[in-house]
Protein chains: 4
Amino acid sequence: MVHDVAVDAGLAGSDGRRLRARGHRTRARLLTAGSAVFAEKGLHAARVDDIVRAAHSSHGTFYLYFGSKEHLFDELIGDVVGEIATLVNDMPTVSDTVRGRAALRDWLDRFADLYERSGGVIRTWTESELSGEGAGRRGDDALGGLVTALMHRVRIPKRSGLDPAVATLALITMCERFHYYAATQQVRATREEILDTLVEIADAAIFGH
Amino acid sequence: MVHDVAVDAGLAGSDGRRLRARGHRTRARLLTAGSAVFAEKGLHAARVDDIVRAAHSSHGTFYLYFGSKEHLFDELIGDVVGEIATLVNDMPTVSDTVRGRAALRDWLDRFADLYERSGGVIRTWTESELSGEGAGRRGDDALGGLVTALMHRVRIPKRSGLDPAVATLALITMCERFHYYAATQQVRATREEILDTLVEIADAAIFGH
Amino acid sequence: MVHDVAVDAGLAGSDGRRLRARGHRTRARLLTAGSAVFAEKGLHAARVDDIVRAAHSSHGTFYLYFGSKEHLFDELIGDVVGEIATLVNDMPTVSDTVRGRAALRDWLDRFADLYERSGGVIRTWTESELSGEGAGRRGDDALGGLVTALMHRVRIPKRSGLDPAVATLALITMCERFHYYAATQQVRATREEILDTLVEIADAAIFGH
Amino acid sequence: MVHDVAVDAGLAGSDGRRLRARGHRTRARLLTAGSAVFAEKGLHAARVDDIVRAAHSSHGTFYLYFGSKEHLFDELIGDVVGEIATLVNDMPTVSDTVRGRAALRDWLDRFADLYERSGGVIRTWTESELSGEGAGRRGDDALGGLVTALMHRVRIPKRSGLDPAVATLALITMCERFHYYAATQQVRATREEILDTLVEIADAAIFGH
DNA sequence: TATGAATGAGATTTCATTCAT
DNA sequence: AATGAATGAAATCTCATTCAT
């Protein structure tokens, strides 16, 4: 009796049917290809044709797994949102100690990892928020959650005129955009340089060093 | 040759002049409408039809004044780039004094003005950089110029591991994104709160207060 | 001042804008072509391409006036439904006299006219009822109205087991199908022969002559 | 040569026979499913996917038994045509007696049975005649045969202007459409009511009662 | 014998741009 | 100077049929 491990993997096609091993591979190939094409061209300029060519597949097959370009994109976003949620969950309490700074640096390192892996999708997503359609909404929620979580973990000293929420957003924002410019080659900096700068600035901004 | 003022609009004269004035008004209306539509939908999702409807004009008229959708966009970008250039030119030397801080705050205020007026175009432009098409290039140049100018004017104290260019970029970036989130209503903050926070953080980051 | 009579004709394109004379002509051409193509091939087999070719137009133009093939079809149905309603309204009271028979014959003549003009659409519509989608519903209403109106106007003598509603439907049905077979050339009969037979049968069935 | 019963299903043997039996069952399931789907959606709108899903089978299996969607349909039609032929053969000579009326009623009862069983296919077939494709032709032949057979068996009294062929067609037509409206629920009537009405009308029309 | 995966031809639909008035 | 109409290239999407297991 053959034991086909792939039969019960759980993922489904666009019409909800179960997939076998080969189907899962094709589906994954399309997701990977979509990620790359979106990163390169953005949501609107990306053509289904680009994606299927990159995945060595066909139009018919694409619509076997995804109802539309936007559906595939939604799924990519969903994955990233999940990863961000995990990251937020793992955010350390940043205190004004050597250990606190080290924890912050480690966390920023993981943020950098995430950005390296999924930066393309994140940038496309940021872009797509402009048109204010479906996908964008989940983005805002994820961002809101990030800010809230950070606010609770980073103890910003009460100083005149510095609203904790606003200051936190400023820091995250700097962090995200920073990686953005690095990823799009608009600024040349090594991972080490980026982390050093971010920790230093955050440290100075928060604790006034 | 009959001088038909209604057809031969290029000639001077009181009637001809009125028509030329009408042309300018139409053109301006299209630019304004384009700015609004691009801000709302982004470069790709914006339809020529949206623009002409917003301008209470027509397709035919649109192509009377602009060679293409991108041409209109380019012109909008051009204006913004000019304004940014002026702003950079007026960047004060930021020193660690009360007067220095006040100058920085004034300058950030003008930046906020610009963003309020042209934020839509700036955001669209940022987006369009992704697809790496014509328009985006001018954007990079403007950004590069901004960074360079700032670097020469902000005296960042030499401290371990803090590359002046990188740190400056981080600050500008924070500044831009900050206004971005405010403009897209993702964070609610008054102009005063934003300025206070930015000055405070920049001050702390640069001078370690 | 030019008096452009066509400007205010009232009909609109698919996005609701007013049309000028030329637009109306194109729209009408598409409707006529659609009517012919549907009659020949049926709703599903008819291609938008067939319609625009028959109308000497283009795909783009088609979608300028109709949101989809089904929208155009709906409009055709709407017209026919209107004509049927008028016909039903004009149905004479059929009594067992020479005058009553003559009135019935006249009315059946008008029915024949309508079928000659719009038989293609009616047949396609009958077909499309199978799939039970949007358009079909209006059809049932029109049919129901026809039956009701006739029932009130044809005085079927109360005889054992002859439900007036059922008998009326049987007669209409015969009438419609009859023209159907004549129109699709499955039976060769002149207009006169058809009318004679229908009047005779109806007469016999209703009054027992 | 190895005799592998599981693969070489064409050979006889207990195992091979079981497999053959399975094949027949699958084929029958597809025919039943096809009949249901065609009845619901019509020939063009019916998807192979709908049929195989209804039959709890697969695309691959479908094409194992039928060369195309149309082939399956043809086979369904063929069965119905056979049944109609039998029915026509059994058509009694209708005379103006109690016995003649009873025979007509019995025959109409069998027609009703047939329509109940195969009405879906008959309606789809009627529809498909519109597009004038292969399958439709057989339909016309069957209809023609039906009319001819009836004409020879029903003695329509010669009265002025009533062509026997035309009158017969009118009656059959009424009969078919009648069941059609009943089957598609457009008119609510019991089997008894339908038969009573049809016999009564036919009787009146033919013999002038 | 059975199946899910894959395909591609062909259908629909969109929209920047040109045309005729 | 202005406009609505028209266009067609290019995009999205569907589905009957074939393929590989």
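Every chain is numbered from 1 and lettered A, B, ... according to where its sequence line falls, protein lines coming before strand lines.
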Side chain of C:Val48, heavy atoms from C-beta onward: which of E:dT12, E:dT1, E:dA5 has the nearest atom to it?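 Looking only at side-chain atoms, C:Val48 lies closest to E:dT12.
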Side chain of B:Ser68, heavy atoms from C-beta onward: which of E:dT13, E:dT17, E:dA6 has the nearest atom to it?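 Ranking E:dT13, E:dT17, E:dA6 by closest atom to the B:Ser68 side chain puts E:dT17 first.
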Which residues in residues 58-66 of chain D have a heavy atom closer than 4.0 Å to any atom of DNA chain E?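 Within residues 58-66 of chain D, the residues near DNA chain E are D:Ser58, D:His59, D:Gly60, D:Thr61, D:Leu64, D:Tyr65.
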How many Å lie between [atom1] on [X] and [atom2] on [N], as a whole number?
X       : N      : atom1 : atom2 : answer
D:Ile51 : E:dA2  : CD1   : P     : 17 Å
A:Arg47 : F:dC13 : CZ    : P     : 11 Å
A:Leu43 : F:dA11 : CG    : P     : 15 Å
A:Phe73 : F:dT12 : CZ    : C1'   : 18 Å
D:Glu70 : F:dT17 : CD    : C1'   : 12 Å
A:Arg27 : E:dG4  : CZ    : P     : 17 Å
D:His71 : F:dA16 : NE2   : P     : 15 Å
C:Arg53 : F:dT7  : CZ    : P     : 14 Å

By nearest nucleotide on DNA chain F, pick out whichever of C:His56 and D:Asp49 is the more 5' one.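 The 5'-side residue here is C:His56.
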Is there a side-chain polar atom (N or O) of B:Thr26 under 4.0 Å from OP1 or OP2 of F:dA1?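 No, because none of the side-chain N or O atoms of B:Thr26 sits under 4.0 Å from OP1 or OP2 of F:dA1.
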Does E:dA6 have its OP1 or OP2 closer than 4.0 Å to a side-chain nitrogen or oxygen of A:Arg22? yes
Scanning both residues in full, the closest heavy-atom pair of B:Ala33 with B:Ala54 reads CB-CB, 3.8 Å
Distance only, no hydrogens: is a donor on one side chain within 3.5 Å (strictly under) of an acceptor on the other, for C:Thr61 and C:Ser58?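 Yes, a side-chain donor-acceptor pair sits under 3.5 Å.
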Report the residue (A:Ser57 or B:Lys69) whose heavy-atom-nearest nucleotide on DNA chain E is the more 5′ of the two. A:Ser57
Chi angles and distances behind the salt bridge (charged side-chain N to carboxylate O under 4.0 Å, His left out) call for B:Arg27, B:Glu75: CA-CA 12 Å; B:Arg27 195 171 198 283; B:Glu75 194 156 323; 2.7 Å; yes
For D:Phe66, what residues pass the ring pair (Phe, Tyr, Trp, His ring centres under 6.0 Å) criterion, not counting sequence neighbours? D:Phe62
Does F:dA1 pair with anything, Watson-Crick or G-U wobble, both distances under 3.5 Å, and if so, with which nucleotide? none
E:dT14: pairing nucleotide in any strand, Watson-Crick or G-U under 3.5 angstrom: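 Base-paired to F:dA9.
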Run the numbers on B:Leu72 and B:Tyr65 for side-chain contact (heavy atoms from CB on, under 4.5 Å), then give the verdict. CA-CA 9 Å; B:Leu72 187 154; B:Tyr65 294 108; over 6 Å; no
Indicate yes or no: at least one non-hydrogen side-chain atom of B:Lys41 is less than 4.5 angstrom from one of B:Arg47.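 No - every pair of side-chain heavy atoms lies 4.5 Å or more apart.
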Measure the NZ-CG distance between C:Lys69 and C:Asp50 for me, rounded to the nearest 0.5 Å.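 One gets 9.0 Å once the value is rounded to the nearest 0.5 Å.
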